Enquirer: 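Here's a structure for you.
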Amino acid sequence: MRKEELRYLQRLAELYPTIGKASTEIINLQSILNLPKGTEHFMSDLHGEYEAFSHVLRNGSGAVRKKINDVFGHTLSNSDKRALATLIYYPREKIQLVKKTEEDMENWYKITLYRLIEVCKTTASKYTRSKVRKALPPDYAYVIEELITEKAEVLDKEAYYNAIVNTIIDIRRAENFIIALAELIQRLVVDHLHILGDIYDRGPGPHFIMERLSEYHSLDIQWGNHDVVWMGAAAGQPACIATVIRNSIRYGNLDILEDGYGINMIPLATFAMEAYREDPCSVFEIKGTANYSVTEQELSRKMHKAIAVIQFKLEGQLLRKRREFHMEDRCLLHRIDPEKGTITLPDGKEYALLDSSFPTVDWKHPYELSQGEKDVMDRLESAFRNCDRLQKHIRLLLDKGGLYKIYNGNLLFHGCIPLNEDGSLKEVQIYGKTCKGKELYDVLESYVRRAFYAVDTEEQKRGRDILWYIWAAPNSPLFGKDKMTTFERYFIADEETHKEKKGAYYRLLEREDVVDSMLREFGLDPEESHIINGHVPVHQGEGESPVKCGGKVIVIDGGFCKAYQKVTGIAGYTLIYNSYGLLLAAHEPFTSKEAAVSREIDIASNQVAVRYTSKRRLVGDTDNGKALRERIEELTRLLDAYRKGIIKEKK
């Protein structure tokens, strides 16, 4: 036996000091391998829509309803099943509603407890007792475990369980137990959650989503381009800060910054009112301003223009400093002719500007911030860097996230893999290093982490700037378009200049040879694996399918964001991967939690099997199963070392 192996087995023997303990663990791990695999839940492009996200999280994209159907079949009416599902999603709210109409609450408690116990038993059956025990609410763990565990030694099981349920009702703890059981079912229905990017921007509640995710039992996050720009802002990257603020103002979501993160917008408001006092800023209208007064709309337009001009200046500074980004064609301020009120774009065409008032621009040095703009940015940078809640949320993205994830044979990422038009991997230069495919993702992610963890100041700056690059660069795997035409959309009427051409990845998704080569690039078997990503909304209303290349690629951005729903025709796709296969769920628009509770409306409209089999996949077929087999092999070697006397038992 090699010295290294002996040293490792000696460390393992500290955890399993006897033949008996090592043998018991082998038996335990072997039994886990033969349980059904846990259900994975995939969600993407949440864009701050907290209520819709929360509802889909509660219903497990239809997984809760499926469990209810599995348990009760035709023995419950559809209305009773709907009521039970709603109770599981919103137990507190539903109980209060029932109290207003139910005459015999004691009987309702009893029926409801028995139904929840049955659903809970089925839901818990695919896990070990140890795993279920860890998921139990501490206050009621013992009693719930008694209720959902078959006890062979009890002769009159009905009387035994009746006694427990009756006691719960008699001591007035029925409501607490119903809530505990409902939340346990929610917890057990989904074993692991995948968030495929874009938690931030557009909707009003990304900070609430991040709080909810921070409490979730098991998840990973693939960063989206909108997440990365917020990460850049939290790291103090000036162009990212300006972009985040501009997006928030544009969609009428300043509450996220002011109330959600406590970032003071008064310095920007004061500066905007002074610098653009006589400017109507009419091309900077705010989207979704139904609740704004006339005065608020005027102030928002001025703030919107002020931060947009600051953003274009900061981006120009960045791109002239980082010439290795090869994006100087996006420096546009110096192309403006202030006397004519026109701009000449890099293609040589001249266009009239919709707004030619730039009181803060020095045309000899168009990318320099005015003193007022510098003061505003200094205060904003300090506010972003020192916001504890934002830094906590960004740490969650760093701890649980990355640019891609390989999980149980599937490749997960937010955007795209940069490709050439012939389908080959595109070579991209990152700070002088040429990389492509998986290496490109790895190099970019390493720089992201340096933005937060590097000791060297220059490495930190490189990391911060790469966060903006990932947000907006044509070769970024999270952007995937030839350019970001923010300036043109504000200032040029010709819509041809607004177009952003998608990368080759999106045109080649139906070519099996291209998809297979991408999967192989990440070490996956094309016959068994899938690419799952979001980023570009699927226009179901126009007949587009989220399932590409015969099921090898699944795009699950269907439009959680309300701003997209007019073009997508739905309110988001989500994906479920259970022990039988992959199920795609399309969702109807979410109205409100109140409507979901009172009218028992669920938003999972239909499910489509992407890949399904009658033979269940077991834990042994998963990544976790591979790790468990390796552990069993190590413990088997430890047993052999005990029996040969190489290592002594510690009895």
Side-chain angles (χ1 to χ4, degrees), residues 38-66 89 186-187 189-203 205-227 393 396-397 400-405 407-408 410-415 478 530-538 540 546-547 553-562 564-565 568 570-578 582-590 596 602-608 610:
T39 296
E40 298 169 50
H41 192 188
F42 300 76
M43 300 171 73
S44 176
D45 296 86
L46 308 175
H47 284 299
E49 297 293 347
Y50 173 71
E51 282 207 340
F53 159 77
S54 177
H55 184 82
V56 174
L57 203 62
R58 291 167 188 268
N59 74 12
S61 288
V64 170
R65 284 189 312 181
K66 185 179 184 305
Y89 307 156
Q186 285 184 40
R187 161 68 177 80
V189 157
V190 173
D191 188 46
H192 188 83
L193 176 65
H194 305 282
I195 302 292
L196 275 72
D198 278 2
I199 296 165
Y200 281 92
D201 285 336
R202 297 204 165 88
H207 48 302
F208 297 129
I209 294 174
M210 292 302 295
E211 287 294 325
R212 185 73 182 273
L213 291 177
S214 69
E215 299 166 355
Y216 204 78
H217 57 274
S218 180
L219 84 151
D220 56 67
I221 302 169
Q222 287 69 62
W223 304 325
N225 51 320
H226 287 272
D227 305 320
H393 291 168
L396 180 68
L397 290 174
K400 298 291 184 181
L403 283 173
Y404 72 95
K405 181 82 173 177
Y407 197 97
N408 287 339
N410 295 316
L411 174 59
L412 320 179
F413 53 79
H414 176 70
L478 297 192
H530 308 81
I531 291 173
I532 304 170
N533 71 294
H535 185 51
V536 176
V538 176
Q540 190 196 48
V547 180
V553 180
I554 306 164
V555 181
I556 62 167
D557 179 6
F560 255 95
C561 177
K562 291 177 183 176
Y564 291 147
Q565 289 170 12
T568 60
I570 58 168
Y573 285 107
T574 54
L575 190 70
I576 287 291
Y577 183 19
N578 61 25
L582 288 160
L583 284 169
L584 189 70
H587 300 279
E588 299 293 341
F590 185 74
D602 208 345
I603 64 171
S605 58
N606 59 71
Q607 289 186 334
V608 178
V610 178

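For this chain, numbers begin at 1 and follow the sequence in order. Being a predicted model, the structure only gives us computed values, none of them experimental.
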Enquirer: Under the rule for side-chain hydrogen bond (donor to acceptor under 3.5 Å, both in side chains), what residues qualify as partners of His194, not counting sequence neighbours?
Expert: Glu40, Asp220

Enquirer: Applying side-chain contact (heavy atoms from CB on, under 4.5 Å), name anything that partners Arg187, two or more places apart in sequence or on another chain.
Expert: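 Once residues adjacent in sequence are excluded, the partners of Arg187 under the side-chain contact (heavy atoms from CB on, under 4.5 Å) criterion are Ala135, His217.
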
Enquirer: Does Tyr577 have any ring-ring contact (aromatic ring centres under 6.0 Å, His included) partners at least two apart in sequence or in another chain, and if so, which?
Expert: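 Partners of Tyr577 by the ring-ring contact (aromatic ring centres under 6.0 Å, His included) criterion come out as none, since no residue qualifies.
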
Enquirer: Which heavy-atom pair separates Met43 from Phe53 by the least distance, and what is that distance?
Expert: CE-CD1, 3.4 Å

Enquirer: Find out whether His226 and Arg202 are in side-chain contact, i.e. whether some heavy atom of one side chain is under 4.5 Å from a heavy atom of the other.
Expert: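 Yes, at least one pair of side-chain atoms sits under 4.5 Å.
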
Enquirer: With respect to Asp198, which candidate in Asn225, Leu46, Leu478 satisfies the side-chain contact (heavy atoms from CB on, under 4.5 Å) definition?
Expert: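 Output: one option passes, namely Asn225.
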
Enquirer: Indicate the atoms forming the closest heavy-atom contact of Leu412 with Phe42, along with that distance.
Expert: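 Closest approach of Leu412 to Phe42, heavy atoms only: CD2-CE2, 3.6 Å.
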
Enquirer: Any side-chain heavy-atom pair from Asp557 and Leu196 closer than 4.5 angstrom?
Expert: no

Enquirer: Would you please name every residue forming a ring-ring contact (aromatic ring centres under 6.0 Å, His included) with His414, sequence neighbours left out?
Expert: His535

Enquirer: Of all residues at least two apart in sequence or in a different chain, which pass the ring-ring contact (aromatic ring centres under 6.0 Å, His included) check with Tyr50?
Expert: Phe208

Enquirer: Under the rule for side-chain contact (heavy atoms from CB on, under 4.5 Å), what residues qualify as partners of Val189, not counting sequence neighbours?
Expert: Ala63, Val64, Lys67, Thr123, Ile185

Enquirer: Indicate yes or no: at least one non-hydrogen side-chain atom of Val555 is less than 4.5 angstrom from one of Asn533.
Expert: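 They are in contact (side-chain heavy atoms under 4.5 Å apart), so the answer is yes.
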
Enquirer: How long is the straight-line distance from NE2 of His192 back to OG1 of Thr39, given to the nearest 0.5 Å?
Expert: 12.5 Å

Enquirer: Quick one: closest heavy-atom pair of Tyr216 and Val190, and the distance?
Expert: OH-CG1, 3.5 Å

Enquirer: Side-chain contact test, heavy atoms from C-beta onward, threshold under 4.5 Å: evaluate it for Met210 versus Pro206 and give yes or no.
Expert: no

Enquirer: Which pair of non-hydrogen atoms, one from Ser61 and one from Ala585, has the smallest distance, and what is that distance?
Expert: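 Scanning both residues completely, I find the closest heavy atoms to be O-CB, 4.1 Å.
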
Enquirer: Could you state the interatomic distance from CG (Leu57) to CD1 (Ile209), rounded to the nearest 0.5 Å?
Expert: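 So the gap between those two atoms works out to 10.0 Å.
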
Enquirer: State which residues pass salt bridge (charged side-chain N to carboxylate O under 4.0 Å, His left out) with Lys400; sequence neighbours excluded, sorted by chain then number.
Expert: none

Enquirer: What residues, two or more places apart in sequence or in another chain, satisfy side-chain contact (heavy atoms from CB on, under 4.5 Å) together with Ser214?
Expert: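 Ser214 satisfies side-chain contact (heavy atoms from CB on, under 4.5 Å) with Glu211, Lys392, Leu396 only.
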
Enquirer: For Glu51, enumerate each residue passing the salt bridge (charged side-chain N to carboxylate O under 4.0 Å, His left out) test, keeping only those at least two apart in sequence or located in another chain.
Expert: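 In terms of salt bridge (charged side-chain N to carboxylate O under 4.0 Å, His left out), with neighbours along the sequence ignored, Glu51 is linked to no residue.
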
Enquirer: Is any side-chain heavy atom of Ile576 less than 4.5 Å from a side-chain heavy atom of His41?
Expert: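 Yes; the side chains approach each other to less than 4.5 Å.
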
Enquirer: Tell me, please, which residues at least two apart from His393 pass ring-ring contact (aromatic ring centres under 6.0 Å, His included).
Expert: Tyr261

Enquirer: Restricting to non-hydrogen atoms, name the atom on Tyr89 and the atom on Arg58 that form the minimum distance, rounded to 0.1 Å.
Expert: O-NH1, 2.6 Å

Enquirer: Please name the pair of heavy atoms, one in Gly534 and one in Ser44, separated by the smallest distance, quoted to 0.1 Å.
Expert: CA-OG, 3.5 Å

Enquirer: Please enumerate all residues that pass side-chain hydrogen bond (donor to acceptor under 3.5 Å, both in side chains) together with Asn578, with sequence neighbours excluded.
Expert: none

Enquirer: For the side chain of Asp227 and the backbone of Ile199, is there at least one donor-acceptor N/O pair under 3.5 Å apart?
Expert: yes

Enquirer: So, using side-chain hydrogen bond (donor to acceptor under 3.5 Å, both in side chains) as the criterion, who are the partners of Lys66 when residues are at least two apart?
Expert: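 Residues passing side-chain hydrogen bond (donor to acceptor under 3.5 Å, both in side chains) with Lys66: Asp70.
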
